[in-house]
Student: 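First the structure, which I've put down as structure tokens, then a few questions once you've had a look.
Side chains included, hydrogens not; waters and symmetry mates left out as well; all remaining heavy atoms used. Index from 1, following the sequence.
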Amino acid sequence: MSDDRRDWTPEERRRVAAAAARASITMRERDGETVPQWLRDVVDGKPISKADVRR
């Protein structure tokens, strides 16, 4: 990955978002909290907003 986040490709951004979502899911599950579906969708690479949906 590039050093400057502004230079990251969309794929690199998705990979980083998925890694952060996996970490958040792990912490929520460990604490016995519910995990929102949108967070699981981020890990799966699914669009989570209308802006993310390809036309």
Student: Please check: side-chain N/O of Thr26 versus main-chain N/O of Arg22, any donor-acceptor pairing under 3.5 Å?
Tutor: yes
Student: With sequence neighbours excluded, what pairs up with Thr9 under the side chain to side chain contact (heavy atoms under 4.5 Å, CB included) test?
Tutor: Glu11, Glu12
Student: How would you list, by chain and number, every residue that makes a side chain to side chain contact (heavy atoms under 4.5 Å, CB included) with Val35, sequence neighbours excluded?
Tutor: Ile25, Arg28, Glu29, Leu39, Arg40
Student: Closest approach of Trp38 and Ile48, non-hydrogen atoms and distance?
Tutor: O-CG2, 3.7 Å
Student: Can you name the residues that form a salt bridge (charged side-chain N to carboxylate O under 4.0 Å, His left out) with Arg6, not counting sequence neighbours?
Tutor: Asp4
